[in-house]
Amino acid sequence: MAVIPVELAGRGYDVRVAGGLLADIAREAAPFLRKPHACIVADANARAHWGTAVARSFAAAGIEPRWYDIAPGEGSKSWDSLARLTDWLLAQGVERGDHVFALGGGVVGDLTGFACAILKRGCGFVQLPTTLLAQVDSSVGGKTAINTAAGKNLVGAFHQPALVLADLDSLATLPARELRAGYAEVLKYGVLGDAQFFDWLAENGAAVLALEADAVEHAVATSVAAKARIVAEDERETSGARALLNLGHTFGHALEAETGFSDRLLHGEGVALGMVLAARYSARRGALTLDEAERVTRAVEAAGLPSEISALGLECDGARLTAHMLHDKKMDAGTLPFILLRGIGEAHLARDVDLADVAAFLDGQLQAH
Ligand code: GLY
């Protein structure tokens, strides 16, 4: 098992990465259980796969599981779902010192985390991420949010979990496309800050995607350790360090918006394309060699992720894509910071990017290949 501490004064916690954690949840989460029942907010798919094992572990410890089901999909990150969930948690008598369990992917973690941030001005919660994307990204770092008519994740709070149990066994039940999409976020840690990990993934990415035990534990633990370091340095994304985690997200956001945040392009697929575009745009600015940009493209392709926006069949131009970027929550004082590359493993924040130039670059990419 890998145990990665997230070092935050007064709010530090561990991320435990291993197989078998859910089946042994009552022992793993024992310090966070102080009543003879546990409230578990679960994605219906995650509950279908893991509900029995979790319930059995709690029951053996004399704890009654109380389930609250969330419909899978971004639609559940709504005001309405938040209201219903908080009412349910209040009806269960959840107190500040209690811990609510969030079992599932990013949707469940974000919604439950936000409900716990505001419930009685803040109660505890434990993240039980069951997707690769949630294990390496959304369950760690305390960003919680819902979506509103104005956009995704625009209403939320920083609220750190008390524990994250990333059970690697849960990855075996993921559809292959979702696993690959999560892998894009793994690759991101190599591209943004760890050339050695990028090289390791070039050698071992196939083993990770095949869920070979040692490879997948190393990939998840290395990703979580990178995120933990960045979150400890810049918890609230004020110094620029945490913003580096948005590599690929600004281009990706535009593509996700253009495809209606739908199954046409999963978030991780948007991030994969976004990383390729960030690398190519960095090369256009002369900061990165074309060879390095090509290595990023090859790494994305090797994972079976999309790398060419011309293949998406979009009926739009670059200006329409940059217009989507202006609705991104990363806008800061009227400018849009971009995460660009000086090398593989050397991401930086650029505040001097001219959106007209980005639009011209995207026009070329939409037509290329
Ligand atoms: N997913 C980006 C962050 O947690 O900051």
Side-chain angles (χ1 to χ4, degrees), residues 4-8 11-13 15 17 74 77 102 104-114 116-117 125 127 129 131-147 151-161 163-164 166 178 181-194 219-257 261 266-275 278 325 328-332 336-340 347-349:
I4 299 111
V6 181
E7 285 165 356
L8 293 165
R11 294 183 309 289
Y13 54 96
V15 182
V17 178
E74 283 287 320
K77 281 173 62 174
V107 168
V108 171
D110 283 10
L111 174 70
T112 308
F114 189 33
C116 292
F125 79 118
Q127 290 269 26
T131 67
L132 182 56
L133 190 138
Q135 293 188 353
V136 300
D137 185 22
S138 60
S139 69
V140 181
K143 281 189 179 174
T144 73
I146 57 167
N147 306 327
K152 277 184 70 175
N153 295 329
L154 294 181
V155 175
F158 286 99
H159 187 53
Q160 299 291 344
L163 173 71
V164 181
E178 210 178 312
Y183 181 85
E185 299 275 5
V186 173
L187 195 54
K188 183 187 77 175
Y189 292 106
V191 178
L192 78 85
D194 189 342
V220 173
T222 305
S223 301
V224 169
K227 179 142 191 188
R229 263 194 313 277
I230 290 172
V231 168
E233 184 182 338
D234 181 21
E235 182 184 6
R236 290 182 171 245
E237 205 165 311
T238 46
S239 77
R242 187 162 183 167
L244 299 184
L245 295 172
N246 294 328
L247 172 66
H249 283 62
T250 299
F251 286 109
H253 174 85
L255 298 169
E256 284 184 83
F261 294 101
L266 301 181
H267 174 70
E269 293 168 342
V271 170
L273 280 161
M275 277 192 293
M325 294 176 184
D328 196 327
K329 65 183 173 311
K330 296 186 272 297
M331 284 291 289
D332 182 23
L336 185 59
F338 275 75
I339 311 303
L340 298 178
H348 68 105
L349 188 84

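All figures in this text were calculated on a predicted structure; none of them were measured in a lab. Index from 1, following the sequence. For ligands, and for the atoms within them, numbers begin at 1 and follow the listed sequence.
Annotation: atom 5 (O) of ligand 1 to nearest protein heavy atom, Arg242 NE, 2.7 Å. At the shortest separation from atom 4 (O) of ligand 1 among protein heavy atoms lies Lys227 NZ, 2.5 Å.
Between Lys188 and ligand 1, no N or O atom pair is found at a separation short of 3.5 Å.
When each atom of ligand 1 is checked for a heavy atom of Asp137 under 4.0 Å away, the hits are 1 (N), 2 (C), 4 (O).
Contact check for Leu132 versus Tyr183: side-chain heavy atoms found under the 4.5 Å cut-off. Counting heavy atoms from C-beta on, the side chains of His267 and Glu185 come closer than 4.5 Å.
Formation of a donor-acceptor pair under 3.5 Å by the Asp234 side chain with backbone atoms of Ser239 is found in this model. Remark: the backbone N or O of Asp110 is not paired with any side-chain donor or acceptor of Lys77 at under 3.5 angstrom. A donor-acceptor distance shorter than 3.5 angstrom exists from the side chain of Asn147 to the backbone of Asn153, with no hydrogens or angles considered.
Using a 4.0 Å heavy-atom cutoff, His249 is absent from the residues neighbouring ligand 1.
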